[in-house]
Protein chains: 2
Amino acid sequence: MSRREIAKQETRRLILAAARELFTQRSMEESTIRDIARKAGVSPASVVVHFKSKTALLEEVLCEDIGRAVSELAASVPQNAGLLDRLMYVSKGFFSLYDQNRNLYRGFIRHTVFEPASETPLMSRITEQYLRFLSGIIEEEKTRGVVRPEVDSTIAAASVFSLYMGTLITFFREPEMTVETVADLLTCMTDYYLRGIIRSGQ
Amino acid sequence: MSRREIAKQETRRLILAAARELFTQRSMEESTIRDIARKAGVSPASVVVHFKSKTALLEEVLCEDIGRAVSELAASVPQNAGLLDRLMYVSKGFFSLYDQNRNLYRGFIRHTVFEPASETPLMSRITEQYLRFLSGIIEEEKTRGVVRPEVDSTIAAASVFSLYMGTLITFFREPEMTVETVADLLTCMTDYYLRGIIRSGQ
DNA sequence: TCTTTTTACTAAACCTGTTTAATTATTATA
DNA sequence: TATAATAATTAAACAGGTTTAGTAAAAAGA
């Protein structure tokens, strides 16, 4: 690595560290690029040169945390638990994570979820990781005979994920909602999803 | 109404008309407050005085359209259709509406969905209207014996709405996705939801 | 080694949403 | 009617994300 490249990486590291520190203290709006730049000892322009935008910088910081959370949670799912509990396990972990800095994660998700997937590559990767995890569980339960064999696990995973997103929206929209309340709601909704709501045989 | 009040309402009307015209031509970001103010013949500050923020102004404009769409769609649901088709009917109408100006609606939903409910009263009202419509259908199908009687129609409506939101996110994230594709996906997901994915009797 | 090219970085400017401090016209009051 | 209070409006400023034009140092080429 050339001397230039080394300096560049060091600058990048400084910005990331400063951003992480500020973002964990304040919300997204309260942490300005100028603040981050000052803390990192670089110019505001440098921040935008290294990370395409403020959102991209936040994505870089938070996706590291979220990605680690997904991996850890997915690895620690209680294997002897039932389908519903296993599907809920990671979602509940996410709610707890977001609850640590609700405004920050709210801002982050607001700025990424509705963007074209190509604009938020890190977020996309984590979503795919989570979807694979969910469809993996469903496939597993298919071989156990719990889930009907004709069910498309990709569609089912996307559905379970949608229910999660729906409750996440409620979580962020209703400030009085706690992690427990939202987890209970999601559990109830997912339970319905698994069992269906119409009489069987219709 | 005093002379002052009349003038105030007229200014408000001018701003709304200008905003509507600009918003239907360009996206949210491309329509600046200064542009709207110039077209309306008022100062930029006036726009913010009459409407709390740019988002609130957009909410005012679009919720009129969305609200009308909900009412019209809800009133024209084919009554003899099955549960699935009736649940899908309004959602499909929304997708078509959003497809008319995808970037504008994307920006709008991005700026409102994750805000506290109190900040976006018009959006909240429409969401409640839609949820009532959905739970109404489910209650109806309960009396017909199609939906199991122990099902909580509020939870079920929230679930169907979540599936809609999930596919809407996909719709906005994947630019190549068409109204037809997303409608098919949602139909499939909702069908699973109604019938459940596990073997009955578990 | 000297020159040219590349590139990390930045100061200053730009754009836009929003706020503030008047200004001016209307309404209420004496 | 004259004066005081009120409120609609705005010019100007502010703040923050982003862009631009330029600088200076490193790398490449002679």
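The structure presented is a predicted model; accordingly, all values stated were derived computationally and were not measured.
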Which parts of residues 105-123 of chain A get close to DNA chain C, meaning a heavy atom less than 4.0 angstrom away?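 The answer is none.
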
The criterion is salt bridge (charged side-chain N to carboxylate O under 4.0 Å, His left out); which residues satisfy it with [X], sequence neighbours excluded?
X	result
B:Arg26	none
A:Arg38	A:Asp35
A:Asp191	A:Arg195
A:Glu60	A:Arg12

Residue pairs, two or more places apart or on separate chains, that pass ring pair (Phe, Tyr, Trp, His ring centres under 6.0 Å) and touch [range]:
range	result
residues 37-86 of chain A	none
residues 61-90 of chain B	none
residues 148-187 of chain B	B:Phe94-B:Tyr164, B:Phe95-B:Tyr164, B:Phe95-B:Phe171, B:Tyr130-B:Phe161, B:Tyr130-B:Tyr164, B:Phe161-B:Tyr164

Would A:Arg125 and A:Glu128 pass as an ion pair if we require N to O under 4.0 Å?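 Looking at A:Arg125 and A:Glu128, the cut-off is not met.
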
What pairs meet the salt bridge (charged side-chain N to carboxylate O under 4.0 Å, His left out) rule with one or both residues in residues 163-180 of chain A, with sequence neighbours excluded?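 Sorted pair list comes back empty.
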
Sugar-phosphate or base contact per nucleotide [nucleotides 5-18 of chain D; S, B, -; heavy atom under 4.0 Å]: -BBSBBB-B--BBB

Walking along DNA chain C from 5' to 3', note the first and the last nucleotide with an atom under 4.0 Å from a heavy atom of chain A, and give both.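 The contacted stretch runs from C:dT6 to C:dA13.
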
What residues, two or more places apart in sequence or in another chain, satisfy side chain to side chain contact (heavy atoms under 4.5 Å, CB included) together with A:Asp65?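 A:Asp65 satisfies side chain to side chain contact (heavy atoms under 4.5 Å, CB included) with A:Arg20, A:Leu62, A:Arg68, A:Tyr105 once adjacent residues are dropped.
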
